[in-house]
Amino acid sequence: PFRELNYAPEIMLVFPMKLKMLGFDLRLLGGGLNHQSNGRDNYHSRSWNRITFRAAFEREYWQVSFRPWIRIADSDDDNPQIANYIGRAEINVAYQFKKQTIYAVITTPFNRIKRGSLQLNYVFPVRANLRFHLQVFTGYGETLIDYNHNQTTVGLGISFFDW
């Protein structure tokens with residue numbers, strides 16, 4: 001059984017771009033509204049709402065996206081300090097070679113408190129559209145129920161790619 005399932009419905013407005021910046025090609029700018037929740041009630045309930053912004057860049061085999069957000073205040077707050085743990089922005093950096101991808105997802109609270117997280121991923125082909133996925137996570141917020149607990153996990157899974 002799963003200990004925790006998190007949901008993150010989002011509505012976005014994205015604008016395709018073609019602009020050179022700092023040696024990279026700016027590919028998109030956008031923003032949206034995001035709700036993240038674990039769908040549980042009472043003591044185990046965790047949720048928050050955010051206004052998100054996004055910029056994505058490419059250069060040869062590299063892809064970089066930056067997604068800062070502003071938390072929307074909630075009068076019935078399940079997790080008042082979540083932004084100090086999970087952060088106020090996410091940076092994704094990916095390198096693709098042949099049919100393999102290595103990427104990192106970094107979250108940061110942008111303050112003096114050293115929290116946030118680092119997730120490293122390696123995705124490689126097995127056969128046709130089937131990929132193995134190795135993931136190492138360290139930091140805060142892997143799941144909403146543990147948003148304020150520092151942890152390190154390792155996972156191995158499969159992905160169905162380009163279906």
Side-chain angles (χ1 to χ4, degrees), residues 2-17 19 21-40 45-74 77-97 100-123 131 133-157 159 161:
F2 293 100
R3 181 173 175 267
E4 173 86 342
L5 294 176
N6 294 163
Y7 308 93
E10 186 169 20
I11 185 166
M12 298 179 289
L13 182 60
V14 176
F15 300 97
M17 306 294 289
L19 183 68
M21 286 182 85
L22 306 170
F24 281 82
D25 296 324
L26 175 63
R27 291 296 184 200
L28 67 85
L29 287 174
L33 294 172
N34 172 273
H35 169 77
Q36 188 176 20
S37 171
N38 65 356
R40 297 176 71 181
S45 176
R46 300 287 184 275
S47 67
W48 64 329
N49 298 303
R50 302 176 282 180
I51 299 170
T52 62
F53 306 92
R54 182 180 300 262
F57 304 86
E58 289 182 342
R59 177 180 174 180
E60 296 177 5
Y61 304 105
W62 291 92
Q63 297 172 337
V64 178
S65 72
F66 178 60
R67 185 175 79 139
W69 54 74
I70 299 168
R71 182 170 186 206
I72 300 171
D74 185 358
D77 200 345
D78 296 328
N79 32 255
Q81 297 295 316
I82 194 167
N84 291 331
Y85 288 92
I86 292 179
R88 293 174 175 83
E90 180 179 276
I91 301 163
N92 289 278
V93 178
Y95 180 76
Q96 194 162 14
F97 55 101
Q100 302 173 59
T101 304
I102 296 175
Y103 67 96
V105 180
I106 303 154
T107 64
T108 178
F110 286 122
N111 60 20
R112 293 181 295 177
I113 301 169
K114 301 297 180 207
R115 293 184 181 142
S117 65
L118 171 64
Q119 180 188 103
L120 299 173
N121 299 272
Y122 176 50
V123 182
R131 310 270 194 271
H133 190 137
L134 174 65
Q135 180 180 92
V136 177
F137 176 94
T138 187
Y140 294 87
E142 183 177 32
T143 63
L144 284 176
I145 199 74
D146 293 326
Y147 80 88
N148 57 353
H149 297 285
N150 190 353
Q151 60 189 2
T152 299
T153 59
V154 177
L156 181 62
S159 301
F161 209 70

Would you list the atom pairs, donor with acceptor, under 3.5 Å between side chains in residues 53-62 and any protein atom, with sequence neighbours excluded?
residue	atom	partner	partner atom	Å
E58	OE1	R27	NE	3.1

*Identify, with sequence neighbours excluded, every residue that meets side-chain contact (heavy atoms from CB on, under 4.5 Å) alongside L118.*
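Only A104, I106, L120, T138 meet the side-chain contact (heavy atoms from CB on, under 4.5 Å) criterion with L118.
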
*With sequence neighbours excluded, tell me which residues meet side chain to side chain donor-acceptor pair (under 3.5 Å) with Q96.*
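With sequence neighbours excluded, Q96 shows a side chain to side chain donor-acceptor pair (under 3.5 Å) to no residue whatsoever.
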
*Is the CG atom of L22 crowded by more than 12 outside heavy atoms at less than 6.0 Å?*
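Open: at most 12 neighbouring heavy atoms sit under 6.0 Å from CG of L22.
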
_How about CG on L156, more than 12 heavy atoms from neighbouring residues, nucleotides or ligands closer than 6.0 Å, or not?_
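Enclosed: over 12 neighbouring heavy atoms sit under 6.0 Å from CG of L156.
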
Heavy-atom closest contact ([X] atom, [Y] atom, distance):
X	Y	answer
R88	P109	NH1-O, 2.9 Å
L144	N6	N-OD1, 3.0 Å
Y122	I102	CD1-CG1, 3.6 Å
P16	V14	CD-O, 3.8 Å
R115	N84	CD-O, 3.1 Å
W48	R50	CZ2-NH1, 3.4 Å

*asked:* Among residues at least two apart in sequence or on other chains, which ones pass ring-ring contact (aromatic ring centres under 6.0 Å, His included) with F15?
replied: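 ring-ring contact (aromatic ring centres under 6.0 Å, His included) check on F15 returns nothing, list empty.
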
*Residues two or more places apart in sequence or in another chain: which of them pass ring-ring contact (aromatic ring centres under 6.0 Å, His included) with F137?*
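ring-ring contact (aromatic ring centres under 6.0 Å, His included) check on F137 returns nothing, list empty.
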
*Report yes or no: does T107 contribute a side-chain atom to a donor-acceptor pair with the main-chain N or O of I86 at less than 3.5 Å?*
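Side chain of T107 to backbone of I86: a pair is present.
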
*What distance do R40 atom CZ and L5 atom CG have between them, rounded to the nearest 0.5 Å?*
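Rounded to the nearest 0.5 Å, the CZ-CG separation comes to 9.0 Å.
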
*Nearest-0.5 Å distance that lies between atom CG in N79 and atom OH in Y147*: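 N79 CG to Y147 OH: 5.0 Å, rounded to 0.5 Å.
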
*Hey, does H149 have a side-chain heavy atom less than 4.5 Å from the side chain of Y85?*
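Not touching, per the 4.5 Å side-chain cut-off.
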
*asked:* Determine whether R46 and E4 satisfy the following criterion, salt bridge (charged side-chain N to carboxylate O under 4.0 Å, His left out), listing intermediate values before the conclusion.
replied: CA-CA 11 Å; R46 300 287 184 275; E4 173 86 342; over 6 Å; no

*Enumerate the residue pairs fulfilling salt bridge (Lys or Arg N to Asp or Glu O under 4.0 Å) with a member in residues 143-153, sequence neighbours excluded, ordered by first and then second residue.*
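Qualifying pairs, neighbours excluded: R3-D146.
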
*Residues Q36 and S47: side-chain donor-acceptor under 3.5 angstrom*: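 No.
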
